[in-house]
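Here is the structure we will look at, set down as structure tokens.
Just so we're on the same page: letters track the sequence lines, and every chain starts at 1.
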Amino acid sequence: MNPNFLSDLNSAQHQAVTFTGGNLLVLAGAGSGKTRVLVHRIAWLLSQGASPQNILAVTFTNKAATQMRIRLEQMLQFSLASMWVGTFHGLAHRLLRLHWQEAGLVQSFQILDADDQTRLLKRIHKALSLDPEKWPVKQSQAFINGNKEKGLRYSEAATNGFVDPVLIRVYQAYENACSSSGLVDFAELLLRSYELWQNNQQLREQYQKRFGHILVDEFQDTNAIQYAWIKSVSSSDSNLTAVGDDDQSIYSWRGADSNNMQRLKSDYANVNVVRLEQNYRSTATILKAANAIITNNKSRLGKNLWTNCGDGDPIILYAAFNEIDEARYVVDKIQLWRKQGKALNEAAILYRSNAQSRVIEEQLLRAGIPYRVYGGMRFFERAEIKDVLAYLRLLVNRNDDAAFERVINLPTRGLGEAALVLLRNHARLHNCSLWKAGETMVATQQLPARATSALSGFMSLINDGSMQIAKLTLAELVQFIINLVGLHEHYSKPQYQEYKQSRLENLDELINAAGQFSTLVSEDDRQLLLNAFLAHVALEAGEHLDKDDSNNCVQLMTLHAAKGLEFSLVFLCGMEEGLFPHIMSMGSKEELEEERRLCYVGMTRAKQKLYMSCADSRQLHGSTNLRQPSRFLREIPPELIKSDTLINSVKPALFEDLSQDLSHGQDVSQGNDFYLGQNVSHQEFGEGVITSFEGHGEHTWVRVKFRKVGSKLLSPEYIRGRVI
DNA sequence: GACAGTCCTGTTTTT
DNA sequence: CAGGACTGTC
């Protein structure tokens, strides 16, 4: 290692990296070199004699964990294999695989992802005959996950305040189903491994002793169970380093509690605090604007981010006429950026919700600009992929009812709802899995003749497959299953024609992924390798397709997904009331403050140029509606903003506060672009004002309220704009 | 039992 | 607009 690796740190960073007094809380503002401090600190600890296996480094996302690994590998010469670096969920899973017996699990336990969980709960609701109107599955799901995140089992869930007994019953039934199927959901990974430590003093002490240095990234995002998990592996001799920024806490809807940062001070002895307040990322203008916004939040620890960078360009605001116009504007600016010879992957388009990406994608496609969308439907969440994975899960564990239900009739083999009802009843009666129920019912001929033969065919298919595990490589096994089951034929059926191509490609990609995975994991036991692969795909649902990461693509993602990243050029789209802040998060002060933090996170991703845009009207859920610009826009000091828009006459109040400073850009209403509230004239009907747009694209109609003849719906070609 | 067609409703962020 | 629930036909 370069002995001078500390020389490029500022004094606060240096202090954090080389701290020796026990526990440390690093308050690290956006762009203040947080990851750098963590990585350097680990390197420094190793240089001071700590062994890699003494270190536990926890991050929140897979992306951050990978990043940390890569940076460490660059700095150090030796292997990191014995160092525990990963996400909370990944590490908890690792622990449970090592101690499955003590944790009361079966060795072949599998991870239940959110989608599997929904399906399972749906079945449970049905079994309990719950009226879906009165008892939505989503509610149960939130209830169960919320309680697990607080560390509460169903027996404890009722203890604080009134809880409807129905929810407790669902929770209980769900727990039973999971444990009899050998399934563990995301929250369960943490809760179960926490309980493992709590109930097993010897094991706990073993790990406490091992992990002399515990480092936690994004500490503001920890929830109760994650906090307890960390606490339980900490001893009085451990050294905890927690890094976080309360202004970037954006996951409270998932149980995260940034108060955990303060809680440290009372739960741990002698917590030293280091503040990183120098920002190395953004221009002063961007930073000032972001600071101005976040200052409106009441509940914050408070800090003062500053920078040495120059002012840079003003933030550019564009009020589009609709979402298509907004997308076109963004694409125009990206083309300009490209013409200047700048890298496309330094440009990011950020939005509040995934649904917003489609319109932008269309415009990028039309302009021939390569792009990459993060999030949305991920690779391992695709139906055809999950189908194959369900087969693999059954090979590993016949009692996996969730997998069983998924593929019992895929491709259709005459085992529909009626047969399943019989199986489920038998399974419930005898308290066994669907597979076992099937075995019994086939043997004792308790099913109609047709179903019996279909079911025994299905079961021998699975049995045949599982004999191959030891013989084939992982990739060969996946291929084998696809062939055995006849998935190519299945997806080639006429009703799937539309997606056939991409589905078959995805199946090939899965074979590919399986092959790659085997080369990455050193596991000789094929059974364990398959287990590891299944866990891998559940925990990292698809960012693995990063093979073209070096590609020069524009990056599209939600604001949440952008946390921790930085780009030279950033677009924040859909800055509208109801969209951002989101309508579902406008109900309380707390939610609104979280939206504001999200805005802060988004803005501070930008290094040089920041564009923010909103639309006058937007098509949402099938209908077009009028929008108001986001309150966040008004919280930015006007002198930091330049408008690229002709001021909209119908909504002068929008930019009231900014108006003196808005430079009147070029008229964007030239050509066919009209805007709401525009004064127009018509040969026959006279003068009027545009009140709405209907339809979209080439088929946009304009509703005009005429002074004399009232409201009319017209094709835009018959009206003329009059610039006032 | 399978499947196609119709009606209806609910809209966020993710390990 | 899309996905899910429900209905009717083969």
Going by atom types only, do A/Q628 and A/E576 share a side-chain donor-acceptor pair under 3.5 Å? no
Taking the six-membered ring of A/Y374, is the NZ or CZ of A/K63 close enough (under 6.0 Å from the centre) and on axis enough (within 45°)? yes
Classify the nucleic acid contact of A/A419 as base, sugar-phosphate or nothing, counting any heavy atom under 4.0 Å across all strands shown. sugar-phosphate
Might you work through the salt bridge (Lys or Arg N to Asp or Glu O under 4.0 Å) test for A/R119 and A/E405, ending with a clear yes or no? CA-CA 9 Å; A/R119 287 159 177 269; A/E405 292 244 7; over 6 Å; no
Taking any heavy-atom pair under 4.0 Å as a contact, classify A/R358: base, sugar-phosphate, or nothing. sugar-phosphate
Determine whether the aromatic ring centres of A/Y207 and A/H99 lie less than 6.0 Å apart. yes
Pick base, sugar-phosphate or nothing for A/L415, based on heavy-atom distances below 4.0 Å to the nucleic acid. sugar-phosphate
Could you run down nucleotides 3-10 of chain C 5' to 3' and tag each one B, S or - for protein heavy-atom contact under 4.0 Å? --------
May I ask you to check whether A/N223 and A/Y251 show a side-chain donor-acceptor distance below 3.5 Å? no
Using the criterion of both pairing distances under 3.5 Å for Watson-Crick and G-U wobble pairs, give all stems of 3 or more consecutive pairs involving DNA chain B. B:1-10 with C:1-10
Can you confirm whether the side chains of A/N297 and A/R300 place a donor and an acceptor under 3.5 Å from each other? no
In B/S/- notation, 5' to 3', how is nucleotides 8-15 of chain B contacted by protein heavy atoms closer than 4.0 Å? ---BBBBB
Please work out whether the ring planes of A/F632 and A/F580 are parallel, tilted or perpendicular, with thresholds of 30° and 60°. perpendicular
Rounding to the closest angstrom, what is the interatomic distance between C/dA5 and B/dT12 at atom C1'? 24 Å
For the C1' atoms, the ones on C/dG4 and on B/dT13, what distance do you get once it is rounded to whole angstrom? 23 Å
Compute the centroid of each ring, for A/F88 and then for A/F60, and state whether the two points are separated by less than 6.0 Å. no
